[in-house]
Enquirer: 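Attaching a single structure in structure tokens format; questions to follow.
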2 protein chains.
Amino acid sequence: MSTAEETADGEVQPWDEVTPDAARRLLVAAVEAFAERGYHATTTRDIAGRAGMSPAALYIHYKTKEELLHRISRIGHEKALDVLRTAGESEGGPAERLAEAVRSFVRWHAGQHTVARVVQYELDALGPDARAEIVALRRQNDAAVRGIIEDGVAAGDFDVPDVKGTTIAILSLCIDVARWFNVNGPRTPDEVGALYADLVLRMVGAKG
Amino acid sequence: MSTAEETADGEVQPWDEVTPDAARRLLVAAVEAFAERGYHATTTRDIAGRAGMSPAALYIHYKTKEELLHRISRIGHEKALDVLRTAGESEGGPAERLAEAVRSFVRWHAGQHTVARVVQYELDALGPDARAEIVALRRQNDAAVRGIIEDGVAAGDFDVPDVKGTTIAILSLCIDVARWFNVNGPRTPDEVGALYADLVLRMVGAKG
DNA sequence: GGGCACTCTAAGCGAGCGCTCACCTTCGGA
DNA sequence: TCCGAAGGTGAGCGCTCGCTTAGAGTGCCC
């Protein structure tokens with residue numbers, strides 16, 4: 001499922017498996033444009049131009065502008081879910097697993113903040129069917145985090161009065177990184193991940 | 001629909017001072033439309049229609065569609081900042097002040113989530129000047145929260161290794177409530193506020 | 001060499017956009 | 001009773017949007 005290759009700085013490139021080359025260039029161009037201006041403010045002429053092609057070329061590889069957004073959303077969510085699950089299934093107790101999950105998930109949302117922004121904030125631009133598919137993927141994120149917290153509570157490692165509410169808050173915290181993270185800012189994705197892992201362990205009252 | 005009155009929980013509708021009546025109706029209609037569909041996907045015909053007027057009437061009260069967004073953003077930010085500052089200046093030690101600030105701020109973002117969504121997510125649709133004005137208001141939010149945390153650290157009540165980072169995280173947590181909060185969901189704004197105040201006190205390692 | 005599948009472009013269609021304009025109605029004050 | 005300001009409308013302008021169409025260039029198999 002995830003043939004995600006890694007770059008020098010450890011970031012996962014989500015588009016490796018998209019072929020042919022022209023289709024991938026269009027997808028990358030669309031991500032940049034959607035992240036910068038938003039879906040509705042982006043024109044198909046702009047996307048095609050960024051990919052070095054004429055406006056009509058877009059419609060050889062994608063049926064509509066919405067299909068581009070749908071593809072981006074699905075791939076983006078799948079990659080993020082993959083990152084979260086892999087980390088959550090790592091060795092160690094609930095505290096280590098939760099910390100690793102938050103660290104990875106935040107690192108992804110910071111490093112891939114352009115993709116994450118599109119994926120998180122343009123959901124409403126999708127039609128009902130595509131939207132339902134993406135919402136289902138989101139629920140799997142929720143379940144993955146809640147599972148770790150429940151494990152920690154059952155083991156007596158965490159002190160969490162409201163598991164569902166705390167799960168929402170933790171995911172919300174991680175996801176919103178995509179909104180404010182700035183590549184030219186003072187923090188690297190790794191540093192934000194480390195900070196957030198510590199904060200989340202405090203939120204669940206982890207022992208130690 | 002939403003007239004300028006106080007709701008049951010004492011929250012003030014932000015548009016009381018906007019006159020004349022037609023201008024206020026247009027503003028409220030614009031908030032609803034922008035929150036539902038996004039700024040760029042909203043047409044001036046839709047806004048005017050919701051306010052029960054012809055498309056041309058909009059331009060009697062506002063020069064452009066962007067001016068509507070600018071007005072909404074400024075008023076929304078000012079109200080939110082007011083809520084945050086009032087709570088932060090309340091009686092009690094840093095822990096009580098921080099808890100009250102988070103509780104009020106979250107309650108506002110949940111209760112006024114349509115306004116908050118517009119204000120937080122449509123910033124990029126503003127021109128450079130209007131945008132700079134709004135960014136300045138945001139920095140005041142940041143300073144208000146950081147002030148309380150610094151007080152708590154100085155008094156020995158909080159344990160916060162990274163004050164700036166923790167401030168960003170706390171504000172991010174509160175603001176993102178506007179994205180996921182659902183009126184038909186299981187939680188009231190008050191309940192979310194209480195949960196989040198508790199979580200934030202844990203994040204800053206408040207004694208007790 | 002010839003036919004075919006694939007990829008791309010130049011040109012442009014119909015629709016809907018933000019916004020304007022000429023004109024109409026209402027109403028308080030002289 | 002008449003006037004002018006304020007607030008409203010119907011029609012529509014100029015433009016750009018998402019998307020389509022006719023046809024050209026290229027490489028591959030026979």
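No experiment lies behind these values; they were computed from the predicted model shown. Letters go in sequence order (proteins before strands), and every chain restarts at 1. Worth knowing before you read on, the calculation uses all heavy atoms, side chains too, and leaves out hydrogens, waters and symmetry mates.
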Enquirer: For B:Y39, is the NZ or CZ atom of B:K65 found under 6.0 angstrom from the centre of its six-membered ring and inside 45 degrees of the ring axis?
Expert: yes
Enquirer: For A:I60 and D:dA24, give me the distance from atom CD1 to atom P, rounded to whole Å.
Expert: 16 Å
Enquirer: Looking at A:E36 and A:R117, does any basic side-chain N land under 4.0 Å from a carboxylate oxygen?
Expert: no
Enquirer: In whole angstrom, what separates B:Y62's OH from C:dG18's P?
Expert: 16 Å
Enquirer: Quick one: label A:S54 by what it contacts on the DNA or RNA (base, sugar-phosphate, nothing), any heavy atom closer than 4.0 Å.
Expert: base
Enquirer: Name the closest nucleotide to the B:P55 side chain, picking from D:dG18, C:dC19, C:dG18.
Expert: C:dC19
Enquirer: How long is the line joining CD of B:E66 and P of C:dC17, in whole Å?
Expert: 19 Å
Enquirer: Dump every N/O contact between nucleotides 21-29 of chain C and the protein below 3.5 Å, one line per pair.
Expert:
none

Enquirer: Once you round to the nearest 0.5 Å, how far does NE2 of B:H61 lie from CG of B:L58?
Expert: 8.5 Å
Enquirer: Rounded to the nearest angstrom, tell me the gap between atom NE2 in B:H40 and atom P in C:dG18.
Expert: 11 Å
Enquirer: Distance from A:D82 atom CG to A:E78 atom CD, nearest 0.5 Å?
Expert: 9.0 Å
Enquirer: With the threshold set at 4.0 Å, does a side-chain nitrogen-carboxylate oxygen contact exist between A:D176 and B:R179?
Expert: no
Enquirer: Please report, rounded to the nearest Å, how far the C1' atom of D:dG7 is from the CG atom of B:D21.
Expert: 12 Å
Enquirer: Rounded to the nearest 0.5 Å, what separates atom CD1 in A:I170 from atom CG in A:L199?
Expert: 10.5 Å
Enquirer: Below 4.0 angstrom from OP1 or OP2 of C:dT20, is there any side-chain N or O of B:Y59?
Expert: no
Enquirer: Return the value, rounded to whole Å, for the distance between atom NZ of A:K65 and atom C1' of D:dG18.
Expert: 8 Å
Enquirer: Between D:dG8, C:dT9, D:dG18, spot the one nearest the side chain of A:A57, thanks.
Expert: C:dT9
Enquirer: Determine to 10° how strongly the helix from C:dG1-D:dC30 to C:dA30-D:dT1 is bent, judged from the axes of its five-pair ends.
Expert: 10°
Enquirer: To the nearest 0.5 Å, what is the distance between CG (A:L84) and OG (A:S104)?
Expert: 8.0 Å
Enquirer: With a 4.0 Å cutoff (strictly under), does any side-chain N or O of A:H61 reach OP1 or OP2 of C:dC8?
Expert: yes
Enquirer: Spell out yes or no: do the side chain of B:R45 and the base of C:dG16 have one donor N/O and one acceptor N/O closer than 3.5 Å?
Expert: no
Enquirer: Answer yes when A:R187 and B:D162 have at least one side-chain N-carboxylate O distance shorter than 4.0 Å, and no when they do not.
Expert: yes
Enquirer: For a side chain to side chain contact (heavy atoms under 4.5 Å, CB included) check, start with the C-alpha distance between A:R107 and A:V192, then their side-chain angles and the critical distance, and finish with the verdict.
Expert: CA-CA 7 Å; A:R107 203 164 45 207; A:V192 179; over 6 Å; no
Enquirer: Expressed as a whole number of angstroms, how long is the span from A:R25:CZ to C:dC8:P?
Expert: 7 Å
Enquirer: Please report the distance, rounded to the nearest Å, between CG in B:D46 and C1' in C:dC19.
Expert: 16 Å
